[in-house]
Amino acid sequence: MIIQDSMTANVLMTGRLAPGRAGESRRVVHVFEVDAAGSSPVVLARCGETLPRTHVEWLAPGVGMPCESCLGLAGADLPRSPLSELGV
């Protein structure tokens with residue numbers, strides 16, 4: 001039996017303001033949790049920054065200067081177990 005979850009999947013993506021939308025110092029790369037099926041005109045970064053979806057340049061992870069707040073909060077929702085990371 002196949003059970004389909006009624007909730008849409010959220011995808012973690014990285015992006016920044018597109019060229020020409022702001023000065024280079026404001027074009028830091030934010031982490032967004034985007035609804036895969038959503039069509040909202042704005043996206044909310046982990047740090048709280050709200051950007052118009054049409055003004056975002058989507059990037060591969062590791063590209064560009066990261067937003068320090070987004071980077072610090074990127075894995076905040078994942079449980080961490082130092083012992084399992086060490087193989088214990």
Side-chain angles (χ1 to χ4, degrees):
M1 176 190 325
I2 298 174
I3 299 173
Q4 180 177 351
D5 191 356
S6 62
M7 296 181 64
T8 58
N10 288 339
V11 179
L12 282 181
M13 299 185 69
T14 57
R16 63 182 173 196
L17 282 170
R21 298 287 178 185
E24 286 300 311
S25 63
R26 287 204 51 232
R27 293 187 65 226
V28 294
V29 179
H30 295 282
V31 177
F32 299 93
E33 189 169 340
V34 179
D35 181 0
S39 59
S40 173
V42 296
V43 288
L44 177 65
R46 286 276 173 109
C47 67
E49 181 86 23
T50 303
L51 300 176
R53 189 181 291 258
T54 56
H55 294 183
V56 177
E57 174 187 23
W58 299 107
L59 303 167
V63 175
M65 182 64 176
C67 166
E68 291 179 7
S69 297
C70 282
L71 192 60
L73 295 169
D77 57 344
L78 301 174
R80 295 194 51 140
S81 174
L83 294 179
S84 65
E85 291 176 7
L86 295 173
V88 176

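Residue indices begin at 1 and follow the sequence shown. These figures come from a predicted structure and were not determined experimentally.
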What distance do [X] atom [atom1] and [Y] atom [atom2] have between them, rounded to the nearest 0.5 Å?
X   : Y   : atom1 : atom2 : result
L71 : T14 : CG    : OG1   : 11.0 Å
R16 : C67 : CZ    : SG    : 13.5 Å
M65 : E24 : CE    : CD    : 12.5 Å
H30 : L44 : NE2   : CG    : 10.5 Å

- Should V31 and M13 be counted in the same cluster of Ile, Leu, Val, Met, Phe, Trp and Tyr side chains packed under 4.5 Å apart?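 Hydrophobic grouping puts V31 apart from M13.
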- Item | Cluster overlap V11 with F32, hydrophobic side-chain contacts below 4.5 Å |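 Yes, same cluster.
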- Message: Would you say that R53 contacts V34 through its side chain, given a criterion of any heavy-atom pair below 4.5 Å between the two side chains?
- Response: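 R53 vs V34: side chains touch.
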- Message: Side chains of C47 and E68, heavy atoms from C-beta outward: is any pair under 4.5 Å?
- Response: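 No; the side chains remain at least 4.5 Å from each other.
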- Query: Just by distance, do the side chain of R46 and the backbone of E33 share a donor-acceptor pair under 3.5 Å?
  - Reply: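 Such a contact is absent between R46 side chain and E33 backbone.
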- Query: Got a donor-acceptor contact below 3.5 angstrom from the R27 side chain to the L17 backbone?
  - Reply: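 Confirmed, R27 side chain pairs with L17 backbone.
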- Message: Restricting to non-hydrogen atoms, name the atom on D35 and the atom on N10 that form the minimum distance, rounded to 0.1 Å.
- Response: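 D35 and N10 have their closest heavy atoms at CA-OD1, 3.4 Å.
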